[in-house]
Number of protein chains: 2
Amino acid sequence: MSLQSVQEPRSESPLSRERIVATAVELLDAQGLDGLTMRRLADRLGSGVMSLYWHVDNKEDVFDLALDSVLEYRGPPQIVASQDWRGEVVHMLEDWRASMLRHPWSASLLPRRALGPNILSRLELLSKTLSRAGVADADLNVAIWSLWNYVMGATITRANFDLSDDGGAATQQRLARLSERYPRIERSRLLLDNDWDGAFRKGLGFLLDGLAPRQ
Amino acid sequence: MSLQSVQEPRSESPLSRERIVATAVELLDAQGLDGLTMRRLADRLGSGVMSLYWHVDNKEDVFDLALDSVLEYRGPPQIVASQDWRGEVVHMLEDWRASMLRHPWSASLLPRRALGPNILSRLELLSKTLSRAGVADADLNVAIWSLWNYVMGATITRANFDLSDDGGAATQQRLARLSERYPRIERSRLLLDNDWDGAFRKGLGFLLDGLAPRQ
DNA sequence: ACCTGAACACCGTTCAAGT
DNA sequence: ACCTGAACACCGTTCAAGT
């Protein structure tokens, strides 16, 4: 509060759950899932390793907190309360995917951990919107899980392909050797087409067509 | 070959890529992704740790080999060469999911690694079958990726939920506290419905409806 | 060609102790 | 209430050496 305490914000600010989580997200963004280490985390925070354990149960706890902190949903654009339920679903799911791609470690982590409050809120809202869009009660859970599966699969794949890719050169090479054995994959350029956003949106459209046929 | 060499099959058989991969799969099945350790692997094989590195580049290499070894596809049931393309797609994808669920670590691993020959064969065959089922060339890649996303999302989620579940007791408890904040999730029993196989099949049906409407 | 042990630079976490 | 260092039981991999 005093000028004194504000003066040295770097290494002087005390440890806290919030500061630990925020720094963990930074570290994960910079170094990936394997890059998060209790020791490195403590380093960044300017504290001893074991100090973390006062605020946090263990490393898994750090993962859970970092994950949920990244999944907040701010809601649909507030221009008008629209009647376009299908568009609203698309917006929600594209936002979800975008949030995870901003933190490429998060998608791989999400299915392994218990669901935190932010992701549960997203599912709750998705359920409501699907109902309004005309999905029958009996199909609701299947619809939610199908969309979950699609979004998770797409995002995990996208997040990991991008990282292991050295600009496509390695993939190109592999593909050359593959062309006789997998002619269709080669011909359709399945592994080289990199319009990920477009493919996500188009496939989501097909899935929604199946789940709630346009009347 | 001689009776002598067959006599002591346990610790006497020499190290080989095949033996290493087979044992790695055993270890992964028993202990999960984090349970695979070069030291533990060497223990099971009755060799020194560093002996492994003669046959294998590094731990990532072991993961790649173990993963692909688990993804072989034996083809559709040979009763009749059927005209039911849609049924064939469903069979292929259910078999793929089942193969991965037999080795619950495999699904989480697949999107992170370069695609091996067995999974590429599956994609090649999927492409052929979707074409025959009437998916337009322009939609083919989107269709393949959509099905990939769906299968991967479903299988990763399933494989991980089952493990972290202590019989549902923990989930039940969490749910109790959740019921006011997430009423729809609570009411539809989204997190408690455990007919995973049925949900997978039904959702896959919806997706296929969208991708290749039944004529 | 194939296998090995010692060594290095790391991990997460327990514990007993400090303020 | 909050932080710490030493110690334990682990990791993957390099290297120089053995047969």
Side-chain angles (χ1 to χ4, degrees), chain A residues 1 4-5 8-28 30-67 105 108-109 112-114 163-164, chain B residues 1 4-5 8-28 30-67 105 108-109 112-114 163-164:
Chain A
M1 298 299 194
Q4 294 275 6
S5 66
E8 272 182 319
R10 209 48 323 143
S11 57
E12 292 310 298
S13 56
L15 236 37
S16 71
R17 230 164 144 66
E18 292 70 35
R19 225 162 71 79
I20 291 176
V21 172
T23 309
V25 170
E26 277 176 37
L27 191 49
L28 284 162
Q31 318 255 35
L33 270 184
D34 293 337
L36 178 62
T37 274
M38 296 304 271
R39 289 169 207 263
R40 281 210 268 254
L41 185 51
D43 259 15
R44 274 204 186 219
L45 288 161
S47 79
V49 198
M50 295 316 301
S51 312
L52 304 178
Y53 285 81
W54 178 260
H55 305 271
V56 132
D57 286 349
N58 47 36
K59 195 182 176 182
E60 294 215 326
D61 200 15
V62 178
F63 274 130
D64 285 342
L65 295 167
L67 179 59
W105 46 273
S108 309
L109 207 51
R112 296 190 229 165
R113 314 294 320 158
L163 292 180
S164 69
Chain B
M1 299 298 198
Q4 293 275 4
S5 66
E8 269 182 321
R10 206 57 314 146
S11 58
E12 291 308 299
S13 57
L15 235 40
S16 71
R17 234 172 142 73
E18 291 72 34
R19 225 161 73 78
I20 291 175
V21 173
T23 308
V25 170
E26 278 177 37
L27 190 51
L28 284 162
Q31 317 254 36
L33 269 185
D34 292 338
L36 177 63
T37 274
M38 296 305 271
R39 289 168 207 264
R40 281 210 268 255
L41 185 51
D43 260 14
R44 275 205 184 217
L45 289 160
S47 77
V49 197
M50 294 317 298
S51 312
L52 303 178
Y53 286 81
W54 178 261
H55 305 271
V56 132
D57 286 349
N58 47 38
K59 194 184 177 180
E60 294 214 327
D61 200 14
V62 178
F63 274 131
D64 285 341
L65 295 167
L67 179 59
W105 46 274
S108 309
L109 207 51
R112 293 190 230 166
R113 314 296 318 160
L163 292 179
S164 68

Of the options B:D57, B:L41, B:L52, which is the one that meets B:V62 in a side chain to side chain contact (heavy atoms under 4.5 Å, CB included)? B:L41
Derivation of the side-chain contact (heavy atoms from CB on, under 4.5 Å) call for B:L27 and B:W105: CA-CA 11 Å; B:L27 190 51; B:W105 46 274; over 6 Å; no
Same-atom distance (P) from C:dA17 to D:dC2, integer angstrom: 22 Å
Taking only N/O atoms, report every protein-nucleotides 15-18 of chain C pair under 3.5 Å with atom names and distance.
none

Can you run through DNA chain C from 5' to 3' and write each base as (, ), [, ], | or . depending on how it pairs? Watson-Crick or G-U wobble, both distances under 3.5 Å. ||.|||||...|||||.||
Would you say A:H55 reaches D:dC3's phosphate, i.e. side-chain N/O to OP1/OP2 under 4.0 Å? yes
Can you name the residues that form a side chain to side chain contact (heavy atoms under 4.5 Å, CB included) with A:S51, not counting sequence neighbours? A:L15, A:S47
Which residues pass the salt bridge (Lys or Arg N to Asp or Glu O under 4.0 Å) test with A:E26, sequence neighbours left out? A:R44
With a 4.5 Å heavy-atom cut-off, do B:E18 and B:T23 have their side chains touching? no
Who are the side chain to side chain contact (heavy atoms under 4.5 Å, CB included) partners of B:D43, not counting sequence neighbours? none
Please evaluate residues B:V49 and B:R40 with respect to the criterion side-chain contact (heavy atoms from CB on, under 4.5 Å), reporting the C-alpha separation (whole Å), side-chain torsions for both, the decisive distance (0.1 Å), and the verdict. CA-CA 8 Å; B:V49 197; B:R40 281 210 268 255; over 6 Å; no
List in numerical order all residues of residues 31-41 of chain B for which some heavy atom is under 4.0 Å away from an atom belonging to DNA chain C. none
Given atom CH2 of B:W54 and atom C1' of C:dC2, what is their separation to the nearest angstrom? 6 Å
Close residues, residues 56-65 of chain B, relative to DNA chain D [heavy-atom separation under 4.0 Å]: B:N58, B:K59
Check step by step if side-chain contact (heavy atoms from CB on, under 4.5 Å) holds for A:K59 and A:D64. CA-CA 9 Å; A:K59 195 182 176 182; A:D64 285 342; over 6 Å; no
Salt bridge (Lys or Arg N to Asp or Glu O under 4.0 Å) involving A:E60 - partner list, sequence neighbours excluded: A:R113
Using a cut-off of less than 4.0 Å, is there contact between a side-chain N or O of A:S51 and OP1 or OP2 of D:dT4? yes
Heavy-atom side-chain contact between A:M38 and A:N58 under 4.5 Å: no
Could you tell me how far C:dC11 sits from D:dA7 if I compare only their C1' atoms? Round to whole Å. 14 Å
Write down the distance between CZ (A:R19) and C1' (D:dC3), rounded to a whole number of angstrom. 13 Å
Considering only heavy atoms from C-beta outward, does the side chain of B:L36 approach that of B:Q31 to under 4.5 Å? no
Please confirm whether the shortest side-chain N or O distance from B:S47 to OP1 or OP2 of C:dC3 is below 4.0 Å. no
In whole angstroms, how far is the P atom of D:dT14 from the OH atom of B:Y53? 7 Å
Just by modelled atom types, is the A:V56 backbone N or O under 3.5 Å from a matching donor or acceptor in the A:R17 side chain? no
Please enumerate all residues that pass side chain to side chain contact (heavy atoms under 4.5 Å, CB included) together with A:V21, with sequence neighbours excluded. A:L65, A:S69
Whole-Å distance between C:dG12 C1' and A:L52 CG? 11 Å
B:R112 side chain reached by B:F63 side chain, heavy atoms, under 4.5 Å: no
